[in-house]
Structures are given as C-alpha cells and as structure tokens.
2 protein chains.
Amino acid sequence: MAALAGSGANTVNEPSPAPQPTEASAAKAVSGVDLHQMRRQRLNPDERRQQIFVCAQKLFNENPYEDVSATDIAAAAGVARGLINHYFGNKRNLYLEVIRISSTVSAVAVARLPEGSLEERIDLAVDWFLDSLEKSGTSWLALGSGSMGRDPDLETILIAAENDSIELLIEACGLAGRTEGREQIRAMFRIYAQLARSGGREWLLRKTLTRPQVHALLASTLAVIVEKAVPAV
Amino acid sequence: MAALAGSGANTVNEPSPAPQPTEASAAKAVSGVDLHQMRRQRLNPDERRQQIFVCAQKLFNENPYEDVSATDIAAAAGVARGLINHYFGNKRNLYLEVIRISSTVSAVAVARLPEGSLEERIDLAVDWFLDSLEKSGTSWLALGSGSMGRDPDLETILIAAENDSIELLIEACGLAGRTEGREQIRAMFRIYAQLARSGGREWLLRKTLTRPQVHALLASTLAVIVEKAVPAV
DNA sequence: AGGACTATTGACAACGTGTCAATAGCTGGC
DNA sequence: GCCAGCTATTGACACGTTGTCAATAGTCCT
C-alpha cells in the first residue's frame with residue numbers, strides 16, 4: 001500500500017482521547033537513524049485496542065479493503081502485527097468493526113421533526129440528510145451494495161445501521177402509525193435509501209449535479225413513494 | 001473455497017461452442033484412482049482462453065472475488081495455474097473481463113419502444129427492465145456501487161455498461177431531444193438506475209416485495225423524475 | 001526490591017500471487 | 001512415417017499476506 005497522509009475527514013465516535021499513532025511508528029517510518037531503542041510501552045487493553053482501531057479506521061477510509069494489509073495497520077499503530085489478531089481475531093473482523101461504526105453516521109440525531117405539511121417535512125428531512133452527508137464525508141458513500149447478497153456479515157451490519165435512519169424517515173413521513181404492511185414499507189424506504197445514497201454520490205463524488213438538483217430529485221421521489229407506492233401495499 | 005456445483009444461471013455471450021471443463025478436471029476432482037497419466041492436450045489459444053474464461057465466470061458468479069483463488073479457477077479448468085497469468089495477466093484482470101461481459105446484460109435489446117403516453121411507455125420500460133432482471137439472474141444485482149469511487153477500472157466498466165441502458169431509458173422517456181442539460185439528465189437516470197437495481201434486490205434477493213409492488217414504485221418514481229426533477233435543470 | 005500477571009512481541013507454517021525457464025504436444029516438410 | 005521447429009503448457013521459485021503461539025518484558029502490588 002502506498003503510504004499517504006490524507007486529511008482523515010470522518011472519524012466518528014471517538015470515546016477515548018484519541019491516542020496519537022505513537023512516536024514509535026513515526027520514528028520507524030521517518031528514518032533509520034533514530035534508534036533510541038524505543039522502550040515498548042504497555043497500555044491497558046482498552047486503550048491499545050482503541051488506538052489500533054483508530055489507525056485501522058483511517059486506513060480503511062482512505063483505501064479499499066484488500067489494499068490495506070495487517071502490516072500497514074500495525075505499522076501505523078506502531079505495534080506488532082500479532083497484536084491485531086490478539087485484539088480483533090482477524091483482519092476482516094477489524095474491518096467489520098470499522099464499518100459498523102462508520103455506517104452509524106446519520107442515525108445520531110434528527111432532533112425535532114417539525115409539524116407541517118408532508119411536503120415541508122420531506123423537504124426538511126432531505127435537507128437534514130444532505131447536511132449529514134456533507135459532514136460525514138465521502139467514505140460512507142462508497143460503502144454498500146457491492147457485496148449484497150454475498151457477504152452476510154457485512155450485509156447485516158449495513159442493514160442494521162440503515163434501519164435507524166429508515167425508521168426515522170418513516171416517522172418523518174407520518175407513516176409511524178401504519179402497522180400492517182410494515183415490513184414492506186421498510187423495504188420501500190430501504191430502496192429509497194439507495195436512491196439517496198446514489199444521489200449523494202453524484203453530488204459529492206462525481207460532482208455532476210448541484211445540491212439543489214439532488215434535493216429536488218430526492219424530495220419529489222420520496223413524496224411520490226409515500227403517496228403512490230406505499231398505499232399500494 | 002467450498003466446491004459446489006450450482007446451476008450457473010447466466011452465461012452471456014458465448015462465442016465459441018463452450019468447451020466443457022475437460023475430462024482432465026473431472027478425473028482429478030473425482031478420485032485419485034484414475035491415473036492414466038492424463039496426456040495434457042494442447043488447444044489453440046482462443047479455445048483455451050475461452051475455456052478458462054467460462055470456468056472463471058462460473059466461479060465468480062457463485063462466490064465473491066477474494067474467495068475464488070487462481071488455483072480454484074485453474075483446477076476447474078483442469079489446467080496449470082500459470083496459464084491463467086499467461087492468458088489474462090493477473091487474476092484481477094480476468095475478473096474485470098468477466099464483469100465486463102456479465103454487466104452487458106440488458107443492453108441487448110429493447111426492440112421497439114412503442115408509441116403512447118408517457119405513463120404507458122414508462123410502464124413498459126419498467127416491465128422490460130424487470131423481465132431482463134429476472135432472466136439475467138441475481139449475480140448482476142450484487143454488482144455495483146460497493147467500490148465506487150475507489151476502484152477506477154471497475155467503475156468505468158460498470159458505468160460504460162450502464163450507460164447503454166440509461167440512454168435507452170432516456171429515449172423511452174421521450175427525452176432524447178434534450179441537449180442542454182444532457183450530462184445532468186444522465187446523472188439523474190444513473191441515480192434512478194440505482195433505485196431500480198435496489199428494487200430488484202428487494203424483489204429477487206430479499207423477497208420482501210412482490211413484483212407488482214416494485215413495479216409500482218419504479219414506475220411512479222421514474223414518472224416524477226421526468227416530470228419534476230428533469231425540468232429543474 | 002522482587003514476584004506475579006499479562007500485554008506485547010517475533011518467528012513459524014500455510015497459503016496466494018506473478019514470473020520464467022524448461023518441457024512436451026502438435027504441425028508441416030521431407 | 002518421421003523428424004525438427006514452434007509454442008502451448010507446465011512446475012518451481014521468490015515474495016507478500018495471514019493467523020498462531022510460545023517466549024519476552026513492562027507494570028503493579030506487596
């Protein structure tokens with residue numbers, strides 16, 4: 001993997017004071033001259049685990065899974081590679097844990113969903129979504145349906161994370177009361193969520209559409225889903 | 001990887017008479033008793049390449065990329081692993097070639113798109129899409145945006161394949177004449193394509209919605225995009 | 001200070017990939 | 001029919017990655 005610094009846009013959920021990558025990795029990485037023996041230091045398991053996690057998060061956000069080796073992560077954390085397996089079992093598991101956090105973006109808060117007509121509430125909900133998208137950075141956009149139906153673990157994680165946002169959206173559309181076709185309504189909103197994600201991609205990644213244009217598309221399609229598709233269950 | 005037979009639903013584009021996996025692989029796979037020395041046979045390059053390709057296609061359709069090793073493919077084709085690199089350079093390249101074929105599904109024919117109101121044409125277009133989806137199997141659904149923005153090669157292949165369908169859809173919606181915001185219109189249909197794909201997933205993979213329900217959702221959203229979002233460019 | 005607990009290491013085995021010189025199947029000329 | 005040349009095909013090699021595990025060495029407690 002090519003070592004690069006990157007801006008590290010979206011580090012979500014940072015319980016402990018974010019232990020810096022440790023002067024260890026720096027010393028090793030910068031040059032070979034600096035051999036003051038680097039007394040290895042012994043942290044308590046939670047801190048060390050968290051530190052490794054943060055480094056992995058950064059790397060996985062900047063590079064695709066297979067381009068990040070356990071060695072890279074260990075080097076970034078200034079730690080022996082074996083320690084990764086000790087704390088996370090295997091690389092894939094660590095990755096899944098990173099995903100689990102990264103994909104919890106947006107479920108955090110929609111504060112108060114205001115009164116008003118359906119159109120107004122949809123408008124606000126879309127605004128809120130685009131805001132949170134802009135803040136959370138682009139890595140979340142790259143996530144998703146690539147391995148759907150193939151990778152059960154990843155799928156359940158992603159589904160679980162998306163469910164929160166979806167419940168929220170359903171409520172915002174005034175459909176919280178509906179109980180009969182509940183699962184089917186959820187499915188429809190899940191489909192819509194992909195539309196929203198895809199819209200975000202065009203806006204933030206490919207830059208082919210402006211925010212107002214994406215907003216218009218998302219708002220009008222959501223409205224028509226609520227008005228036409230949902231009643232058809 | 002787990003060796004399993006599978007039905008091999010969608011083998012598209014089969015130029016040569018589909019050389020069977022060769023009794024070689026069978027002999028090796030079935031039991032160790034059958035050692036009549038297996039004279040290796042020398043095919044002309046096109047045939048051999050095609051044969052390897054077919055085996056790879058089958059394996060990649062049934063298992064995710066990283067679970068299929070070059071050894072698996074070579075074994076399936078009854079051939080030395082080195083030959084794969086000789087013909088395709090590397091594993092990734094072979095994979096991309098498989099994808100390039102698999103993703104050309106649906107661009108084949110929409111025959112005649114009939115006259116009629118916008119609603120009618122949209123209805124037919126959605127029907128056509130769902131038909132082709134049902135036929136092409138589920139592997140196409142699993143493809144897609146997972147590595148978007150990360151994997152340029154895969155992205156361009158997928159985009160290229162999707163572009164055909166999108167041009168078709170634009171025409172079906174009577175937007176072929178529009179020239180000014182062309183690229184933005186394309187972007188909107190690209191977003192819609194993700195919605196359609198996602199709808200297909202709910203219908204065929206997760207089985208949470210029925211075909212009529214997905215149809216209604218796709219038709220109404222497409223209509224509203226054409227009527228509301230597109231005029232806003 | 002010294003002993004016990006355990007976080008951390010480093011070497012090992014297994015596996016996967018790409019390269020390349022050596023091998024052996026086929027084909028055409030005699 | 002047979003032999004020589006062409007090249008499709010092989011198998012071993014070098015290197016990188018992953019997961020395991022016994023050995024090592026910080027740190028805390030008495």
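Just so you know, these numbers come straight off a predicted model, no measurement behind them. Just so we're on the same page: letters track the sequence lines, and every chain starts at 1. Computed from heavy atoms alone, side chains included, the values below leave out hydrogens, waters and symmetry copies.
- Nearest heavy atoms, Ala70(A) versus Lys91(A): N-CD, 4.4 Å.
- Checking Val79(A), Val68(A), Leu83(A) one by one against Ile73(A), the side-chain contact (heavy atoms from CB on, under 4.5 Å) holds for a single residue, Val68(A).
- Atom CG of Leu83(A) and atom P of dA11(C) are 16 Å apart (whole Å).
- Smallest separation of non-hydrogen atoms from Ala74(B) and Ala80(B): CB-C, 4.0 Å.
- Remark: P of dA8(D) and CG of Asp46(B) are 10 Å apart, rounded to the nearest angstrom.
- Non-hydrogen atoms lying under 4.0 Å from DNA chain D are contributed by His86(B), Tyr87(B), all within residues 85-94 of chain B.
- Put simply, OH on Tyr65(B) is 13 Å from P on dG16(C), counting in whole angstrom units.
- Thr210(B) meets the side-chain hydrogen bond (donor to acceptor under 3.5 Å, both in side chains) test with Gln213(B); sequence neighbours excluded.
- Ile84(B) has its CD1 atom 18 Å from the P atom of dC20(C), to the nearest Å.
- Between Met188(A) atom CE and Leu217(B) atom CG the span is 5.5 Å, to the nearest 0.5 Å.
- With hydrogens and angles left out, the side chain of Arg48(B) and the base of dT9(D) share no donor-acceptor pair within 3.5 Å.
- One atom, CG of Leu43(B), and another, P of dT27(C), lie 10 Å apart when rounded to the nearest Å.
- Ring geometry for Phe60(B) against Tyr65(B) counts as parallel: the plane angle stays under 30°, on a 0 to 90° scale with 60° as the upper cut.
- The distance from atom CD of Gln41(B) to atom P of dC26(C) is 7 Å, rounded to the nearest whole Å.
- Residue order along DNA chain D, read from the 5' end via each residue's closest nucleotide, puts Asn44(B) first among Asn44(B) and Arg81(B).
- In this structure, the CZ atom of Arg42(A) is 10 Å from the P atom of dG26(D), given to the nearest Å.
- Taking atom CG of residue Asp72(B) and atom C1' of nucleotide dC15(C), one finds them 12 Å apart after rounding to whole Å.
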